[in-house]
Asker: 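Just passing along the structure, written as structure tokens.
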Amino acid sequence: MHMSTISIIGSGSMAAAIADRVAKAGHTVEVMGRDPTKAAALADRLASGATTGTYRAVPAGDIVILAVPYSSAAAVVADYGDALDGKVIIDITNPAALDLSGLFTPHGSSGAQEIANGLPASAQVVKAFNTIFGHVLAKGGRLDAFIAADDAETKARVSTFMESLGLRPFDVGELRMAQTLEALGLMMIGLAKNGAGTWDFAMKVDIG
């Protein structure tokens, strides 16, 4: 993939872990967030001339990573409105209840599908990164990354982008499969707190 600008909305730990991988891969990172001070602090920490974008402005990147908690995703998408026209939006959220009793998405839907409902029709939503813990992503290494989206060309672009980060992308199907990926995210949290006894693991596909 030719090096390009990737916009990241958010400045928390997951935003930082992804931004770091993206910068190390040689892409230009644009950090945008509701708190401009935090966004600027994250941009300053990154390699390769990261920039800070204005919150609500049209992102510089064609790929926009929505790295905010699920509880604020709808509000952020509403804030941007038509500024996200024609963009590829990567939704990384895990809409898990804090007590891990389940997912707080409407029955038969997913966080990704709910986010898609609030976006301009020309934007393409891709579910990705929600099954990789931030600190594991930050350590580097080749990790398996699951993606779900409706548009084949968009998935191909995002797969190429993820490969450039040293990840191994796996297409799991259409966007409705985000429900399954979000359930997998919840399962991983349960595994960390119980049988694995550590947050220091990743899901790996063993083919053949």
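In this text the structure is predicted, and so the values were computed from the model without any measurement. The first residue in the sequence is number 1, and the count goes up from there.
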Asker: Transitively linked via ILVMFWY side-chain contacts under 4.5 Å: Leu191 with Phe129?
Answerer: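 Same hydrophobic cluster.
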
Asker: Find out if a path of hydrophobic residues (ILVMFWY) with successive side-chain heavy-atom gaps under 4.5 Å connects Ile115 to Ile65.
Answerer: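 No, Ile115 does not connect to Ile65 through the hydrophobic network.
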
Asker: With a 3.5 Å cut-off and no angle check, do the side chains of His27 and Thr5 form a donor-acceptor pair?
Answerer: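 Thr5 and His27 do not have a side-chain donor-acceptor pair below 3.5 Å.
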
Asker: Checking Gln179 against Ser110: is there a side-chain donor and acceptor pair closer than 3.5 Å?
Answerer: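 No, no side-chain donor-acceptor pair sits under 3.5 Å.
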
Asker: Does Leu66 belong to the same Ile/Leu/Val/Met/Phe/Trp/Tyr cluster as Leu42, with side-chain heavy atoms less than 4.5 Å apart forming each link?
Answerer: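 No: no chain of side-chain contacts under 4.5 Å links Leu66 to Leu42.
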
Asker: Indicate whether the side chain of Asp91 and that of Thr93 have a donor and an acceptor atom separated by less than 3.5 Å.
Answerer: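 Asp91 vs Thr93: donor-acceptor pair found between side chains.
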
Asker: Whether Arg45 and Asp20 form a salt bridge (side-chain N of Lys/Arg under 4.0 Å from carboxylate O of Asp/Glu) is what I want to check.
Answerer: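 A salt bridge is absent here (no side-chain N lies under 4.0 Å from a carboxylate O).
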
Asker: Would a hydrophobic clustering, with Ile, Leu, Val, Met, Phe, Trp and Tyr connected at side-chain separations under 4.5 Å, put Val29 with Ile90?
Answerer: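 Shared cluster, yes.
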
Asker: In terms of side-chain geometry, is the basic nitrogen of Glu163 or Arg168 positioned less than 4.0 Å from the acidic oxygen of its partner?
Answerer: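 Salt bridge absent between Glu163 and Arg168.
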
Asker: Would you call Asp79 and Arg56 a salt bridge, taking side-chain N to carboxylate O under 4.0 Å as the test?
Answerer: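 Looking at Arg56 together with Asp79, the answer is yes, because their closest N to O distance falls below 4.0 Å.
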
Asker: Answer yes or no: does atom CZ of Arg34 have more than 12 heavy-atom neighbours from other residues, nucleotides or ligands under 6.0 Å?
Answerer: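 Count over threshold, so yes.
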
Asker: Is there a path of hydrophobic side-chain contacts, each under 4.5 Å between heavy atoms of I, L, V, M, F, W or Y residues, that connects Ile132 with Ile8?
Answerer: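 Yes.
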
